[in-house]
S.K.: 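Take a look at this one; I'll ask things after.
Residue numbering restarts at 1 for every chain, and letters A, B, ... go by the order of the sequence lines.
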Amino acid sequence: MRQELGDSMEQTVFVDVVLPVPIPQLFTYRVPRELSEYVQVGSRVVVEFGKSRVLTAIIAVVHHNPPPKYQAKYILELLDQIPVVTPSQLWLFSWVAEYYMCHIGEVMNIALPAGLKISSQSKIQYNPDFNNPELLSSEENTFLEFLLTQDSLTYDEVGRYLEKKDVNKVIKDLVAKHAIIVFEELKYKYKPKILKKIRLKRVYEGSEEVLQLIDSLEKSTKQQELILEYLSHIPIQDLPEKNKAGVEKTKLREAGVSDSSLKTLKDKGILEEIEVVISRFEESAGNPNKVIELSDAQREASNSIMEKFQEKQVVLFHGITGSGKTEIYIDLIQQVLASGSQVLFLLPEIALTTQIVTRLKRVFGSSMAVYHSKFSDNERVEVWRGVLDGTYQFVVGVRSSIFLPFDNLGLIIVDEEHESSYKQFDPAPRYHARDVAIMLAIKQHAKVLLGSATPSIESFFQAKANKYGLVSLNVRFGNAQLPEIRLIDVKKDRKEKTLVKDFSQLLLNEISSNLQNKEQTIIFQNRRGYAPYLNCQECNWIGQCDQCAVTLTYHMQSQQLICHYCGHRESTRKTCPDCGSTNVKSVGVGTEKIEDDLHEIFPEAVISRMDLDTTRAKNALQNIIGDFESGEVDILVGTQMISKGLDFDRVSLVGIYNADKMIHFPDFRAAERAFQLITQVSGRAGRREIPGKVLIQTGSPQNRILQFVINNDYVGFYESELIEREGYSYPPFTRIIEITVKDVDQTLAHQAANKLAEALSIRLGRERVKGPEKALVERIRNKFLFEVWLKLEKDKMNIQATKEYLKKEIVNLVTDKKFKSVQVIVNVDAV
DNA sequence: AGCACGCCGACT
DNA sequence: GTCGGCGTGCTC
């Protein structure tokens, strides 16, 4: 190393880069001499990958070792003088790739906002040196004449002009005849936001110069007015240094300045126009040092958390609904920020758009960044860069904000840590943001605070095992009391025929008295749409998706049948497509129907609905919440969306329409999810002075989960659930790897899954391999799904070795010609 | 994952 | 005879 240093200047520099493709390894490129001093780990480069792809890559290693077996290509461009990805991030990317069994490129793809990636598009252009027109067919000739009138064309545009799908052949022929040139146009996606400003040229910056200028313009009133208007914004006589910043062009326009007089003064060399890059985020004043008033109980919890952090990396904060966790978070965030470290506050997607962000903004102002999926790419790039350059020391964001370029984290808060939306589902990496947060914190010597009123069984288990610190807060904030929770036996009511549209008398009476008292009601039903399916009473037809093994949900508002798995929709008029009968009944109940029924029962009430369908538009969610907060709405009907972090003052009644689906779901986590969901929904009631009531309609009032819910007994629930989990070797005693085998051919998928399960159980033992079984929805988008589950004891199994083994067996499976079409998807720590 | 190359059926 | 179908194998 020491000896080589001398000639390293002469040696060719190579870089190993991460590419956004699902291929396991890094790729080595050669660095042109003129860039060799500037390449750094974490900088982006543009490279050619394959014959016709140009991609953005990240430098992971800089070295001098020419690859022995192939000729490295040159990098085409270096995009960053200063790296945009930190070494800590590169480490995290590869940790995530390894742990969740995917490729580092896939992690990079999710982590980097699209605005930091460059895409290329192949375009064609007329070759100016072309001189053999006799080689061309007449069609080619007409096409070339068209091309000459254009600057360049994309492949798509060529296709549209020729009315052809596949234009490769045409283009290839023309290239062979040297009539056209193909080139790659790089698209830089990020565009800074630019503000146009006007200012006086430097020579006029003095008081005398300005007065002279005004005199000299005596003949043209408009121009003189313009200068005077300008001076009203920038008093040059008193503060000449203000001229440098200038005045926004739009402000002058608003004051009645015309474009033409502006142009004249610009042409005369008196004014000049400048462009300033500005942030997309509004400046908002905060008061980061604002002292947060904590109750005694809150203060004690906050101190206790800080104390536990002395010895524990992770602290689980179990604070019941309405206990005022946010104030404690703010208190802790202030302490960490004051010490100069960064803070990341993770929230589930839904909770993020709402009240809590407003409250945090009030304290932290624009020193806090928000990172959210409804943000545009440009906005995301600005948050990224702001974290990098220190503008933002504090970020509030959804799960993907775990990948922002932090280098000095002091604290990560994971609020609602039990939320399953922290686990990414569909494209790889299938990571759990809470668990990644803990890894990242270990790497950066930061602390992690997991907060929840209903902690996940896993986290509480770690706390009980003394791996995490545990702090509990069991009183509500202020004078608020926990709501009284009652179960309503709808089976009994049904027998006695007292139900009205499946609402019990008790629930209806409570709603009615709430309406009279001008108090608000929330009705929860975890099913969107009008009804889960339609059923023809004449021929027994049931609306089903032809791509998936599920019934189509009836949405009355849009008059459509929608598949909630593949998104397929068809319009319906509630007539049977088979026999044409109009005697078609909807079966089951979704939020739409509840809204409808309540309208009928309480025509005077203002009812609003909050589910995926009513909140799709950009500000819809905000509007629904706003209307409910302001008291304009009496009853809010919603899916689980209403359970997440919402805080309403005047809700005194929560009705759970039907708890049975939740508690009887066939999944080992169903009990946990049901307990969490019902407790969280119940927690929306009685958060201030008005005491709350919760009514739960169920057919099994004796159910274990419901009994724990009505007694507000989280710990009791935890202990009973733990016994169940241990009996069946489920988490937290084991780690679960879910393997999904997919194919259009059901038999083939089944055979492949069988073969894989067999192979795996040879080394792991039959008891650790469950399945294959048909997936809960056995066909999605015309592919049949089979699942194999590995249950690996945390104390006995070497997880790393098992993953290697699993990888090998999957490769083994898909290299079998017979199974080449099957897809295998691995989900580590499936939830 | 893309994307090119390559080898077989239905058409100007 | 060509066009264009998609199987398979590689990407520094």
S.K.: What residue among A:Phe403, A:Phe425, A:Trp95, A:Tyr422 forms ring-ring contact (aromatic ring centres under 6.0 Å, His included) with A:Tyr431?
M.R.: A:Phe403
S.K.: May I have the distance from A:Ile825 (atom CD1) to B:dA1 (atom P), rounded to whole angstrom?
M.R.: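 These atoms are roughly 9 Å apart.
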S.K.: Are A:Arg763 and A:Tyr805 in a cation-pi setup, meaning NZ or CZ lies under 6.0 angstrom from the ring centre and within 45 degrees of the ring axis?
M.R.: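 The answer is yes, since A:Arg763 meets both limits relative to A:Tyr805.
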S.K.: Round to the nearest Å and state the distance from A:Gln25 atom CD to C:dC10 atom P.
M.R.: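 Distance check: A:Gln25 CD to C:dC10 P gives 12 Å.
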S.K.: For C:dC12, take OP1 and OP2 only and decide whether either is under 4.0 Å from a side-chain N or O of A:Tyr70.
M.R.: no
S.K.: Report the distance from atom CD1 of A:Ile104 to atom P of C:dT11, rounded to the nearest whole Å.
M.R.: 20 Å
S.K.: Take atom CG of A:Leu55 and atom P of C:dC12, then tell me their distance rounded to the nearest Å.
M.R.: 10 Å
S.K.: Between A:Thr28 and A:Asp16, is any side-chain donor less than 3.5 angstrom from a side-chain acceptor?
M.R.: yes
S.K.: A:Pro22 has a side chain; which of C:dT11, C:dG7, B:dA1 sits nearest to it?
M.R.: B:dA1
S.K.: Where the side chain of A:Lys51 is defined as all heavy atoms beyond and including C-beta, which of C:dC12, B:dA1, B:dC5 is the nearest nucleotide?
M.R.: B:dC5
S.K.: Report yes if some heavy atom in the side chain of A:Val398 is under 4.5 Å from a heavy atom in the side chain of A:Pro348; otherwise report no.
M.R.: no
S.K.: Heavy atoms only, 4.0 Å cut-off, all strands: where does A:Glu106 land among base, sugar-phosphate and nothing?
M.R.: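 Answer is nothing: A:Glu106 stays at 4.0 Å or more from every strand.
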S.K.: Mind checking A:Lys69 for me? I need base, sugar-phosphate or nothing, with any heavy atom below 4.0 Å counting as a touch.
M.R.: nothing
S.K.: Given C:dT8, C:dC12, C:dT11, identify the nucleotide with an atom nearest to the side chain of A:Tyr29.
M.R.: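 Nucleotide nearest to A:Tyr29's side chain: C:dC12.
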S.K.: To the nearest Å, give me how far apart CD1 (A:Ile23) and P (C:dG9) are.
M.R.: 15 Å
S.K.: With sugar-phosphate meaning primed atoms plus P, OP1 and OP2, does A:Pro67 contact a base, only sugar-phosphate, or nothing at under 4.0 Å between heavy atoms?
M.R.: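 The answer is nothing, as A:Pro67 stays clear of every strand by at least 4.0 Å.
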S.K.: Separation of A:Arg53 atom CZ from B:dC5 atom C1', in whole Å?
M.R.: 16 Å
S.K.: A:Asp16 has an atom CG; how far is it from atom C1' of C:dC12, in whole Å?
M.R.: 9 Å
S.K.: Check the distance between B:dA1's C1' and A:Ile110's CD1 and give it to me in whole angstrom.
M.R.: 14 Å
S.K.: For the rings on A:Phe14 and A:Phe27, is their centre-to-centre separation under 6.0 Å?
M.R.: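 Ring centres of A:Phe27 and A:Phe14 not closer than 6.0 Å.
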